[in-house]
Amino acid sequence: MGLSVFLLVVCYGLYVTQAQGNNDNQKTCCLSDTCSLAKELVSIGEKLGTMVEKQGTMGDNLRLMETRLQTSEKEVEELKQIIGGQPKVAFSAALRESGNGDTGPFHINTPLQYKKVFSNTGNCYNPATGIFTATVKGMYYFRFTTMNNQANPPSSVVSLTKNGQSLATVWDHGSTDTNDSGSNAVVISLEVGDNVYVELWAKKLVYEDSNLYLTTFSGFLLFAM
């Protein structure tokens with residue numbers, strides 16, 4: 001509308017200028033020609049305005065299509081994880097790489113570092129720290145075992161821990177038998193970045209020997225969520 005008004009003003013100015021230098025007949029002729037030109041210019045202006053509006057609408061539609069495409073791509077990725085694209089996460093490790101011996105006691109509760117890695121699909125378990133870190137949101141199974149050697153005499157207490165919170169514990173105190181083993185397990189949900197590890201209690205110890213009486217830590221992803 002602004003363009004149309006501008007064109008009308010220009011045409012009117014042309015008409016006034018022409019009218020001042022001509023007779024009455026010329027005025028009438030120029031007025032007719034000027035009005036025709038004005039109508040054409042107004043029509044062109046209206047068409048240009050319509051084109052601008054259509055262009056704006058096309059831009060809005062394009063942005064909407066881009067948003068829908070991004071949503072569809074996200075849904076496809078989620079479906080890939082559910083159907084045939086299930087992430088694979090599993091690990092199993094023992095405490096010592098070789099030989100016999102105790103681990104502990106320590107003055108404070110300490111995460112056990114299981115250095116003999118049997119498997120580590122997905123590389124979520126870190127043998128340098130003993131910590132499993134979830135890279136996939138889902139439901140997980142964890143199992144841990146402990147071995148106790150009577151020779152010290154021993155007292156073994158270890159807990160499966162998630163983000164600093166104890167979930168399950170295995171306890172054994174030396175008595176008349178030579179060795180004891182114990183185990184425990186949990187099924188828990190994890191968010192990406194959650195940490196799970198086995199913690200040896202302060203002033204306690206665990207044992208492992210070369211005859212494969214092992215203290216172990218294992219886990220795997222049941223399904224993603």
Side-chain angles (χ1 to χ4, degrees), residues 70-98 101-106 108-148 154-172 179-209 212-225:
Q70 291 173 356
T71 301
S72 298
E73 290 175 346
K74 181 179 179 181
E75 291 174 348
V76 168
E77 290 301 318
E78 291 175 351
L79 286 172
K80 282 182 180 179
Q81 290 187 357
I82 297 172
I83 305 172
Q86 173 75 13
K88 296 177 175 60
V89 180
F91 78 98
S92 183
L95 201 56
R96 301 173 66 90
E97 291 181 319
S98 62
D102 293 321
T103 298
F106 304 110
I108 60 174
N109 291 8
T110 303
L112 290 173
Q113 298 175 12
Y114 296 83
K115 296 186 177 298
K116 185 175 182 178
V117 178
F118 298 112
S119 61
N120 194 14
T121 302
N123 294 315
C124 295
Y125 172 71
N126 184 351
T129 62
I131 297 174
F132 173 90
T133 302
T135 58
V136 178
K137 179 181 178 180
M139 195 68 70
Y140 290 80
Y141 173 87
F142 291 98
R143 185 173 186 268
F144 62 108
T145 66
T146 184
M147 181 69 181
N148 193 347
S155 181
S156 299
V157 185
V158 294
S159 295
L160 185 71
T161 305
K162 171 187 171 183
N163 297 333
Q165 179 182 3
S166 295
L167 302 178
T169 298
V170 173
W171 172 89
D172 182 66
N179 299 101
D180 287 318
S181 292
S183 66
N184 215 329
V186 298
V187 173
I188 56 174
S189 63
L190 296 180
E191 300 286 337
V192 174
D194 281 346
N195 293 322
V196 178
Y197 53 92
V198 177
E199 189 172 68
L200 178 65
W201 285 27
K203 301 179 182 180
K204 309 300 178 182
L205 55 84
V206 288
Y207 176 77
E208 196 168 83
D209 113 359
L212 304 183
Y213 301 124
L214 304 179
T215 293
T216 61
F217 180 31
S218 305
F220 54 87
L221 173 67
L222 293 170
F223 54 85
M225 296 190 301

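Keep in mind it's a predicted model, so treat the numbers as computed, not measured. Along the sequence shown, the residues carry numbers beginning at 1.
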Colleague: Give, for atom CG of L112 and atom CZ of F144, the distance between the pair rounded to the nearest 0.5 Å.
Modeller: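 The CZ atom of F144 is 10.5 Å from CG of L112, to the nearest 0.5 Å.
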Colleague: Among residues at least two apart in sequence or on other chains, which ones pass side-chain contact (heavy atoms from CB on, under 4.5 Å) with K203?
Modeller: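 Listed in chain order: nothing, the list is empty.
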Colleague: Do the non-hydrogen side-chain atoms of V196 and L160 ever get within less than 4.5 Å of each other?
Modeller: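 The answer is yes; the side chains approach within 4.5 Å.
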Colleague: Heavy atoms, side chains only, cut-off 4.5 Å: are F142 and Y197 in contact?
Modeller: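 A side-chain contact is absent here, since even the closest heavy-atom pair is not under 4.5 Å.
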Colleague: Do you know which two heavy atoms are closest between L200 and G104, and how far apart they sit?
Modeller: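 Closest pair (atom of L200, atom of G104, distance): CD2-CA, 4.1 Å.
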Colleague: Pairs under 3.5 angstrom only: tabulate donor-acceptor contacts from the side chains of residues 125-133 to other protein residues two or more places apart or in another chain.
Modeller:
from	atom 1	to	atom 2	distance (Å)
Y125	OH	Y114	N	3.0
Y125	OH	Y114	O	2.7
N126	OD1	A128	N	2.9
T129	OG1	N126	O	3.4
T129	OG1	I131	N	3.2
T133	OG1	N195	OD1	2.8

Colleague: Determine, step by step, whether T169 and N184 satisfy the side-chain contact (heavy atoms from CB on, under 4.5 Å) criterion, reporting the C-alpha distance in whole Å, the side-chain angles of both residues, the deciding distance to 0.1 Å, and the verdict.
Modeller: CA-CA 7 Å; T169 298; N184 215 329; 5.7 Å; no
Colleague: Find the distance between CZ (F118) and CG (L214) and round it off to the nearest 0.5 Å.
Modeller: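 It is 5.5 Å, given to the nearest 0.5 Å.
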Colleague: List in chain and number order the residues that pass side chain to side chain donor-acceptor pair (under 3.5 Å) with K137, two or more places apart in sequence or in another chain; answer none if no residue qualifies.
Modeller: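 Partners of K137 under the side chain to side chain donor-acceptor pair (under 3.5 Å) test: none.
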Colleague: Got L167 and I188 here, is their nearest side-chain heavy-atom distance under 4.5 Å?
Modeller: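 A side-chain contact exists here, since the closest heavy-atom pair is under 4.5 Å.
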Colleague: Could you pull out every donor-acceptor pair under 3.5 Å between side chains of residues 215-224 and any protein atom, sequence neighbours left out?
Modeller:
from	atom 1	to	atom 2	distance (Å)
T215	OG1	M147	N	3.1
T215	OG1	Y207	O	2.9
T216	OG1	T145	OG1	2.6
S218	OG	S92	OG	2.9

Colleague: Quick one: are T103 and E208 in side-chain contact, heavy atoms under 4.5 Å?
Modeller: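 No, side chains not in contact.
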Colleague: My understanding is that only residues two or more places apart in sequence, or in another chain, count here; which of them pass side-chain contact (heavy atoms from CB on, under 4.5 Å) with T110?
Modeller: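 For T110, the residues satisfying side-chain contact (heavy atoms from CB on, under 4.5 Å) (neighbours in sequence not counted) are F106, I108.
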Colleague: Give a yes or no answer on whether the side chain of N109 reaches the backbone of A202 with a donor-acceptor pair at less than 3.5 Å.
Modeller: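 Flag set: sc N109 to bb A202 pair under 3.5 Å.
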Colleague: Taking side chain as C-beta onward, heavy atoms only, is P105 less than 4.5 Å from K204?
Modeller: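 No. Closest side-chain heavy atoms not under 4.5 Å.
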Colleague: What residues form a side-chain contact (heavy atoms from CB on, under 4.5 Å) with A185, not counting sequence neighbours?
Modeller: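 Per chain and number, A185 pairs via side-chain contact (heavy atoms from CB on, under 4.5 Å) with Y141, R143.
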Colleague: Can you name the side-chain contact (heavy atoms from CB on, under 4.5 Å) partners of Q113, sequence neighbours left out?
Modeller: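 side-chain contact (heavy atoms from CB on, under 4.5 Å) list for Q113, sorted by chain: K115.
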Colleague: Give a yes or no on whether the backbone of L205 and the side-chain of S156 come within a donor-acceptor separation of less than 3.5 Å.
Modeller: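 Indeed, once roles are kept as given, a pair shorter than 3.5 Å links the two residues.
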Colleague: Quick one: CD on Q165 to CD on E199, what's the gap to the nearest 0.5 Å?
Modeller: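 Taking CD in Q165 and CD in E199, the distance rounds to 12.0 Å.
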